[in-house]
Amino acid sequence: EAGVVQSPRYKIIEKKQPVAFWCNPISGHNTLYWYRQNLGQGPELLIRYENEEAVDDSQLPKDRFSAERLKGVDSTLKIQPAELGDSAVYLCASSNHATNEKLFFGSGTQLSVL
Amino acid sequence: DAKTTQPTSMDCAEGRAANLPCNHSTISGNEYVYWYRQIHSQGPQYIIHGLKNNETNEMASLIITEDRKSSTLILPHATLRDTAVYYCTEYNFNKFYFGSGTKLNVKP
């Protein structure tokens with residue numbers, strides 16, 4: 001069974017440029033999460049989806065970040081415009097009730113904003 | 001804000017048991033404790049979870065104190081491949097709260 005797939009693996013952009021990250025969760029997982037992980041820190045939740053509905057986006061900086069999960073499967077996280085402080089690893093995870101809510105993470109996208 | 005506290009780093013000799021402690025003194029009655037680990041350049045990987053009782057699976061054992069304010073993850077025979085950052089997390093209201101984790105260094 002394929003795991004959570006994220007792309008790109010690495011992204012380098014200049015500040016003020018837009019950037020997008022893509023995530024394909026494990027088939028059948030209705031819950032999808034986007035996390036941000038700064039160097040030396042644990043993951044911090046940005047947004048959680050139940051199917052296509054964003055049920056928790058309280059930690060998402062909405063002035064520059066947006067996300068979508070149009071068909072309740074794969075998802076895109078966008079930053080526009082990027083700032084230097086956005087440099088981090090962006091992790092996608094999925095889960096469902098059948099797995100006792102344990103998270104399955106992708107390998108992440110490492111973003112460097114110059 | 002992280003609700004768990006863990007030591008920043010620990011060393012363990014290869015083949016010996018690694019005991020990783022975690023304090024979760026503010027945990028409520030219906031919050032599970034989950035453990036994940038993160039090997040360099042990969043996403044976190046689930047290890048084990050529990051509510052009240054001790055748990056064991058093929059990867060590790062989880063010992064939860066009776067008052068549930070702390071727990072210990074036990075890797076019975078650590079190998080070099082167990083070198084990673086280990087996160088103790090609380091799960092409640094569909095959220096996982098990750099702290100900064102413990103960097104476990106398994107040495108030959």
Side-chain angles (χ1 to χ4, degrees), chain A residues 2-10 21 23-26 29-51 53-60 88-112, chain B residues 1-10 20 22-24 30-53 55-60 62 64 71 73 84-105:
Chain A
V4 176
V5 179
Q6 290 189 247
S7 68
R9 188 72 176 88
Y10 302 94
F21 315 121
C23 172
N24 190 15
I26 293 173
H29 282 194
N30 57 308
T31 308
L32 184 146
Y33 306 76
W34 282 103
Y35 282 85
R36 177 171 58 188
Q37 186 173 27
N38 293 312
L39 189 63
Q41 302 294 316
E44 296 176 315
L45 180 67
L46 291 174
I47 190 168
R48 176 171 66 91
Y49 282 92
E50 291 287 346
N51 299 305
E53 182 181 0
V55 295
D56 185 353
D57 62 356
S58 58
Q59 302 300 313
L60 189 72
V89 175
Y90 291 83
L91 292 162
C92 178
S94 68
S95 71
N96 65 19
H97 299 303
T99 65
N100 292 316
E101 311 303 340
K102 60 185 179 186
L103 300 178
F104 293 82
F105 283 87
S107 296
T109 295
Q110 185 171 330
L111 174 67
S112 297
Chain B
D1 292 335
K3 297 185 175 182
T4 62
T5 55
Q6 300 175 253
T8 302
S9 65
M10 295 181 63
L20 293 93
C22 176
N23 289 323
H24 31 80
N30 58 349
E31 286 184 307
Y32 283 77
V33 177
Y34 281 70
W35 283 80
Y36 289 81
R37 73 178 184 184
Q38 188 171 26
I39 297 171
H40 183 62
S41 297
Q42 297 182 20
Q45 174 193 24
Y46 167 83
I47 302 173
I48 198 167
H49 73 284
L51 183 62
K52 297 181 181 178
N53 300 320
E55 303 287 345
T56 296
N57 64 19
E58 66 278 5
M59 292 183 68
L62 175 60
I64 303 174
S71 61
L73 179 75
V85 177
Y86 287 78
Y87 295 101
C88 166
T89 72
E90 291 181 11
Y91 177 74
N92 195 20
F93 296 111
N94 299 308
K95 284 185 180 180
F96 284 91
Y97 298 90
F98 288 85
S100 297
T102 296
K103 176 65 188 303
L104 176 67
N105 299 299

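Just so we're on the same page: letters track the sequence lines, and every chain starts at 1.
- Here the CD1-NZ distance, from B:Ile48 to A:Lys102, works out to 10.0 Å after rounding to the nearest 0.5 Å.
- Each of B:Phe96, B:Tyr34, B:Tyr46 was checked for a side-chain contact (heavy atoms from CB on, under 4.5 Å) with A:Leu103, and the lone residue meeting it is B:Phe96.
- No other option in A:Gln37, A:Arg9, A:Gln6, A:Gln41 has as many heavy-atom pairs under 4.5 Å with chain B as A:Gln37.
- Within the 4.5 angstrom heavy-atom criterion, no atom of B:Tyr32 approaches chain A.
- Two residues are said to be in side-chain contact when any heavy atoms from C-beta on lie closer than 4.5 Å; B:Pro44 and A:Tyr35 fail this criterion.
- In this structure, chain A has no heavy atom under 4.5 Å from any part of B:Thr89.
- The two atoms that bring B:Tyr87 and A:Gly42 nearest to each other are CE2-CA, 3.5 Å, heavy atoms only.
- Residue A:Glu44: no heavy atom, backbone or side chain, is found under 4.5 Å from chain B.
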### Task
For A:Phe105 and B:Gln42, run side-chain contact (heavy atoms from CB on, under 4.5 Å): C-alpha distance rounded to whole Å, both residues' side-chain angles, the deciding distance at 0.1 Å, then the answer.
CA-CA 9 Å; A:Phe105 283 87; B:Gln42 297 182 20; over 6 Å; no
